Amino acid sequence: MFPCVSCQGASVIHKNTMKYEFSQIEKKWQANWQKHNTFSTGNEPDKPKYYVLDMFPYPSGTGLHVGHLEGYTASDITARYKRSCGYNVLHPMGWDAFGLPAEQFAIKTGTHPKATTENNIRSFKETLQAMGFSYDWQREINTTDPAYFKWTQWIFLKLYERGLAYMSEVDVNWCEELKTVLANEEVEEKIAEGYTVIRRPLRQWVLKITAYADRLISDLDELEWPENVKQMQRNWIGRSEGVNIDFELRCHNQKLRVYTTRPDTLFGATYLVISPEHPLAEKLATAQQLVEVKNYIGQAKLKTELERTGLQKEKTGVFTGSYAINPATNEPLPVWISDFVLTSYGTGAIMSVPAHDSRDWEFAKQYSLPIIEVIKSPHDVQEKVFEDKDSTCINSSNGEITLEGLKFTEAFEQMAAWLERKRVGERKVNYKLRDWIFSRQRYWGEPIPIKHYEDGTLGTETNLPLVLPEVEAYHPSSTGESPLANIPDWLYGTDEHGSFRRETNTMPQWAGSCWYYLRFIDPDNSEKLIDPEKERYWMNVDLYIGGAEHAVLHLLYARFWHKVLFDIGVVSSKEPFKRLFNQGMILGEDNEKMSKSRGNVIPADHVLERYGADAVRLYEMFLGPLEQVKPWNTNGIEGISRFLSKVWRLIYPEHEGPAASLTLDAMPDELLRRMHKTIRKVGEDTENLKFNTAIAEMMVLVNELQKAGCRNRNAVETLLILLAPYAPHIAEELWEAIGHNASISSEHFPSYDPALVEDTVLTIAVQINGKLRGTFLAPAKSPKELLLGEAKKVESVLKFLEGQTIVREIVIPDKLVSFAVK
RNA sequence: GCCGAAGUGGCGGAACUGGUAGACGCCCAGGACUUAAAAUCCUGUGUUCAGCAAUGGACGUACGGGUUCGAUUCCCGUCUUCGGCACCA
């Protein structure tokens with residue numbers, strides 16, 4: 001790919017590189033690494049392993065910008081650092097290449113998505129290689145490669161065999177322009193992009209992620225993930241414990257089942273509400289109310305999801321005319337219909353306790369329904385709702401049960417037990433999480449390997465991979481099926497069971513990314529998804545770096561698949577990603593999110609060409625804490641370029657001439673201590689992903705080496721090894737210049753001398769009433785009395801002690817002396 | 001509305017476990033080198049007051065309180081920004 005500069009004579013190199021010419025140096029070393037397979041992961045079972053993974057990209061047509069490089073730089077520094085600490089490191093990269101943009105482009109231009117994808121991958125890969133990332137490119141994977149998606153399809157069939165993939169007539173989010181179904185999670189995004197999304201029933205493949213809801217919550221505890229991501233997943237799954245209660249209906253034989261998490265407030269229930277789609281909605285309407293009810297149901301149907309659930313607005317509803325009986329009070333309760341009750345959650349019906357639920361309170365006020373206080377409230381519940389759980393029950397007794405004076409937990413228990421005893425209720429756990437609608441009406445995705453036989457039964461495609469046929473047009477069929485429905489040759493077939501029609505749906509883009517981290521471990525295995533021995537050695541992923549936008553969906557889906565693979569014995573661990581790190585977004589120079597429309601995008605290739613990979617790598621990390629959102633500032637990168645030039649001049653002091661000869665003379669004590677402090681700080685900070693302060697510390701060392709004109713070999717070599725994970729090209733080049741043949745990447749990270757990282761003489765601060773009044777020098781570990789005595793001799797302190805009485809003396813060894821005076 | 005994170009110089013940010021706030025870098029100013037410029041190096045750089053000056057004082061980590069000899073750090077309250085959820089009963 002790059003001309004092999006390293007083949008030229010050494011003298012030529014020196015002549016060319018006396019000045020710091022990053023572009024030559026970077027190309028030279030990238031070619032060198034490639035030629036020698038420097039970063040290919042070997043089979044070294046005796047070494048401890050470290051698996052550091054990036055969230056692999058969708059190779060878009062717009063290329064990479066500086067924001068994309070942040071996480072990749074962080075993971076690369078970690079990979080290089082861990083290698084130098086003696087780990088066998090797996091650091092791979094691949095492409096999440098199925099997806100809508102390539103297909104949209106195909107519809108417009110007729111270009112095969114495969115061609116688009118290949119082009120984009122080539123350009124992405126060039127940029128990543130130009131950054132000097134130490135990926136093991138021999139393990140590169142691509143989700144659109146049949147050899148890869150063979151196993152995506154295989155996993156689907158395993159899900160199907162276990163009853164975790166099923167077909168269901170579901171109300172889906174249908175996007176008319178895209179002629180496809182969208183996941184709930186994708187809806188808002190698409191609406192923001194200007195598409196319209198409506199509700200429409202369709203037969204769809206659905207994955208039973210809800211069967212894993214509890215495990216997806218409880219196993220979060222063992223993960224080293226940012227607390228907010230865990231919390232977001234818990235909220236998304238939305239587990240709640242409550243009770244299903246059956247209400248007798250007056251004048252009907254049927255019962256009405258509601259779900260509530262507040263059975264402790266049953267005595268305060270004054271009406272029931274069912275959703276417009278509830279099967280009893282129309283049946284409960286009395287003759288008098290029928291017209292009004294039918295109208296209301298009709299109107300609700302026309303409303304979009306957004307209109308029904310979006311924002312807070314006035315509640316609407318209609319009385320059915322029917323009554324149910326409150327099992328606790330035996331009072332009749334009117335049954336209402338309202339679209340604020342969700343059909344798809346719980347039983348689609350609720351009991352309303354307006355005194356202690358804000359939504360019920362609002363509705364009660366709207367329609368003048370009674371409000372009864374059953375939890376002792378600090379104010380009048382007719383005026384304002386009281387929702388707190390830490391008060392006690394009142395007005396809650398009948399002949400069989402009393403909750404008087406009980407707090408929430410106890411009242412809940414008592415009521416639930418009583419309802420169960422009376423056989424009118426049972427405890428129930430509910431989740432907000434819904435099963436995952438898994439089919440898309442698209443061409444550019446993994447075909448779902450299912451056959452529909454004429455007799456209505458389903459069969460599985462055993463000859464995997466089931467590849468995509470070539471098509472002439474990428475438009476979806478008008479029936480809402482994918483373009484695959486237009487290819488008879490592919491669509492129809494016969495086998496021993498009879499003739500069949502293939503499933504025309506393809507999988508969503510999430511599918512390929514649900515398990516790619518496994519394939520990197522064993523990318524060429526044609527027999528198995530992954531070799532069990534390799535899996536045991538490499539899993540889990542020790543560090544997974546990526547954007548917070550995947551906090552819920554990708555990470556939840558991947559965890560779900562991983563647990564299924566665990567259950568069928570393909571993997572040995574319950575969780576895929578042990579430690580997760582979300583890098584913060586890099587904003588444009590205007591402090592706004594980078595976007596084409598704002599015109600504030602800083603393309604990666606731009607800055608690479610201008611400043612070089614090493615400078616870009618360092619600057620990306622120097623910008624601030626990795627997890628923080630921060631603006632890019634092109635001015636700031638100049639400072640990094642200066643730093644690299646300073647490092648260069650340590651070895652090439654003038655702009656011409658050969659490398660300076662390094663000395664073996666002893667370093668001045670100050671400098672030696674500085675060096676050991678730097679080793680400690682850079683090591684600790686790199687370990688903790690605090691790259692910004694590690695770089696600052698290296699700058700301090702370089703400044704001091706420069707000021708002292710130090711050419712000590714030990715100091716220079718140490719600096720280069722510390723710097724190598726961050727700025728690998730210049731480190732390699734200078735390492736070679738000072739006489740090493742082997743790559744600096746094979747050097748071991750230095751260790752520091754504990755005796756040299758602590759100062760022997762310290763500056764002690766003197767405070768009076770908490771204000772700094774002076775300092776003095778004292779040997780480390782000086783006794784308190786000595787420090788106290790010295791402090792009282794400091795001239796600037798004496799002034800403030802004069803005429804004052806010392807009421808208290810505080811001495812913090814090695815730190816400060818503090819006087820409280822009056 | 002609920003949950004989570006955060007607020008420090010002109011700017012990005014640093015500060016161990018409550019112990020000298022502002023490391024490192026950018027910007028800016030002055031100087032050295034140069035015919036000149038670039039590059040490089042040196043010095044200064046939170047605000048404000050006093051002083052010719054060396055220097056010294058006061059204030060200062062979103063805001064208002066509190067605990068403490070001492071608070072960017074701990075506690076209470078308020079405001080703002082960002083991220084997530086949003087009628088899930």
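Sequence lines set the chain letters: A, B, ... in the order given, protein chains first and strands last, and positions in each chain run from 1. All values reported here derive from a predicted model rather than from experimental measurement.
Contact annotation for A/Thr261: backbone-only contact, meaning every heavy-atom pair under 4.0 Å involves sugar-phosphate atoms and none involves a base. Residue contacts for A/Pro226: at a heavy-atom cut-off of 4.0 Å it reaches no nucleic acid atom on any strand shown. Within 4.0 Å (heavy atoms only), A/Ala696 reaches at least one base atom of the nucleic acid. Within the nucleic acid shown, A/Phe800 comes within 4.0 Å of sugar-phosphate atoms alone, with no base atom in reach, counting heavy atoms only.
One distance of note links CZ of A/Arg674 with CD1 of A/Ile679; it measures 11.5 Å at 0.5 Å rounding. If you take NZ on A/Lys428 and OG on A/Ser240, they are separated by 9.0 Å, rounding to the nearest 0.5 Å.
Here the nucleotide nearest the side chain of A/Gln628, chosen from B/G13, B/U68, B/A89, is B/G13. Among the nucleotides B/C69, B/G19, B/C3, the one closest to the side chain of A/Leu816 is B/G19. Nearest nucleotide to the A/Lys799 side chain, out of B/G57, B/C24, B/A89: B/G57. In the set B/C27, B/A89, B/G19, the nucleotide with an atom closest to the side chain of A/Ile810 is B/G19. Closest approach to the A/Thr693 side chain among B/C87, B/A14, B/G19 is made by B/A14 (side chain taken as heavy atoms from C-beta onward). Of the candidate nucleotides B/C26, B/G19, B/C3, B/C26 has the atom lying nearest to any side-chain atom of A/Asn633. Closest to the A/Asp357 side chain, of the nucleotides B/A89, B/C3, B/C24, is B/A89.
Following rounding to the nearest Å, A/Tyr271 (OH) and B/A89 (C1') show an atom-to-atom distance of 11 Å. The NZ atom of A/Lys365 sits 24 Å away from the P atom of B/C87 (whole-angstrom rounding). Remark: P of B/U73 and NZ of A/Lys815 are 17 Å apart, rounded to the nearest angstrom. In this structure, A/Arg674 atom CZ and B/C24 atom C1' are separated by 11 Å, rounded to whole Å. Counting to the nearest Å, the P atom of B/C2 and the CH2 atom of A/Trp236 are 21 Å from each other. Distance, A/Met585 CE to B/A5 C1': 14 Å, rounded to whole Å. A/Phe819 places its CZ atom 19 Å from the P atom of B/G19, with the value rounded to the nearest Å. One interatomic measurement links the two molecules: CH2 of A/Trp225 to C1' of B/G84, which rounds to 16 Å at whole-angstrom precision.
Residue-to-nucleotide proximity on RNA chain B shows that, of A/Tyr431 and A/Met232, the 5′-proximal contact is made by A/Met232.
OP1 or OP2 of B/G25 has at least one side-chain nitrogen or oxygen of A/Asn703 nearer than 4.0 Å.
Contact check on A/Glu620 versus A/Lys630 returns no salt bridge, with no Lys/Arg side-chain nitrogen under 4.0 Å from an Asp/Glu carboxylate oxygen. Between A/Asp759 and A/Lys677 a salt bridge is recorded (basic side-chain N to carboxylate O distance below 4.0 Å).
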Distances for protein N or O near nucleotides 6-9 of chain B N or O, under 3.5 Å:
none

Between N or O atoms, less than 3.5 Å apart, protein on one side and nucleotides 41-43 of chain B on the other: list the pairs.
unit_1: B/C41; atom_1: OP1; unit_2: A/Arg649; atom_2: NH2; d: 3.3
unit_1: B/C41; atom_1: OP1; unit_2: A/Gln706; atom_2: OE1; d: 3.2

Protein N or O to nucleotides 53-55 of chain B N or O, pairs below 3.5 Å:
none

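Nucleotides B/G64 and B/U80, compared at atom C1', are 15 Å apart to the nearest Å. Rounded to the nearest Å, the gap between the P atom of B/G65 and that of B/G60 is 11 Å.
Within the structure, side-chain hydrogen bond (donor to acceptor under 3.5 Å, both in side chains) pairs that include any residue of residues 679-694 of chain A comprise A/Tyr81-A/Glu687, A/Lys82-A/Glu687, A/Lys681-A/Asp685, A/Asp685-A/Thr693, A/Thr686-A/Tyr726 (at least two apart or interchain). Applying the side-chain hydrogen bond (donor to acceptor under 3.5 Å, both in side chains) test to residues at least two apart or on different chains, the pairs with a partner in residues 780-797 of chain A are A/Glu790-A/Lys793, A/Lys792-A/Glu809.
If you check the side chains of A/Thr316 and A/Tyr367, you find no donor sitting under 3.5 Å from an acceptor. Side-chain contact of A/Arg434 with A/Thr210: a donor-acceptor pair under 3.5 Å is absent, judged by distance alone. Of the N and O atoms on the side chains of A/Asn703 and A/Lys646, at least one donor lies less than 3.5 Å from an acceptor on the other residue.
Judged as a salt bridge (charged side-chain N to carboxylate O under 4.0 Å, His left out), and not counting sequence neighbours, A/Arg773 has no contacts. With sequence neighbours excluded, the residues forming a ring-ring contact (aromatic ring centres under 6.0 Å, His included) with A/Phe408 are A/Phe412, listed by chain and number. Considering only residues two or more places apart in sequence or on other chains, A/Asp214 meets the side chain to side chain contact (heavy atoms under 4.5 Å, CB included) condition with A/Arg239, A/Tyr431. In this structure A/Ser645 satisfies the side chain to side chain donor-acceptor pair (under 3.5 Å) test with no other residue, sequence neighbours excluded.
For RNA chain B, the residues of residues 679-692 of chain A within the heavy-atom distance limit of 4.0 Å (strictly under) are A/Asn692, sorted by number. The stretch residues 760-785 of chain A touches RNA chain B through A/Thr763, A/Ala765, A/Gln767, A/Asn769, A/Gly770, A/Lys771, A/Leu772, A/Arg773, A/Thr775, each having a heavy atom within less than 4.0 Å of the strand.
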List the steps, then state whether side chain to side chain contact (heavy atoms under 4.5 Å, CB included) holds for A/Asn244 with A/Val258. CA-CA 6 Å; A/Asn244 277 339; A/Val258 308; over 6 Å; no
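With its glycosidic angle within 90° of 0, B/G9 adopts the syn conformation.
Contact check for A/Leu801 versus A/Val821: side-chain heavy atoms found under the 4.5 Å cut-off. Taking 4.5 Å as the limit, some side-chain heavy atom of A/Ile764 sits within range of a side-chain heavy atom of A/Leu762.
Note: A/Trp336 and A/Phe363 have perpendicular aromatic rings, judged against thresholds of 30 and 60 degrees for the angle between ring planes. Between A/Trp632 and A/Tyr619, the two ring planes are perpendicular [angle over 60°; tilted spans 30° to 60°].
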In dot-bracket, 5' to 3', how would RNA chain B read with Watson-Crick or G-U wobble pairs under 3.5 Å, [ ] for crossing ones and | for pairs to another strand? (((((((..(((......[....))).(((((.......))))).(((((....)))))..(((((..]....))))))))))))....
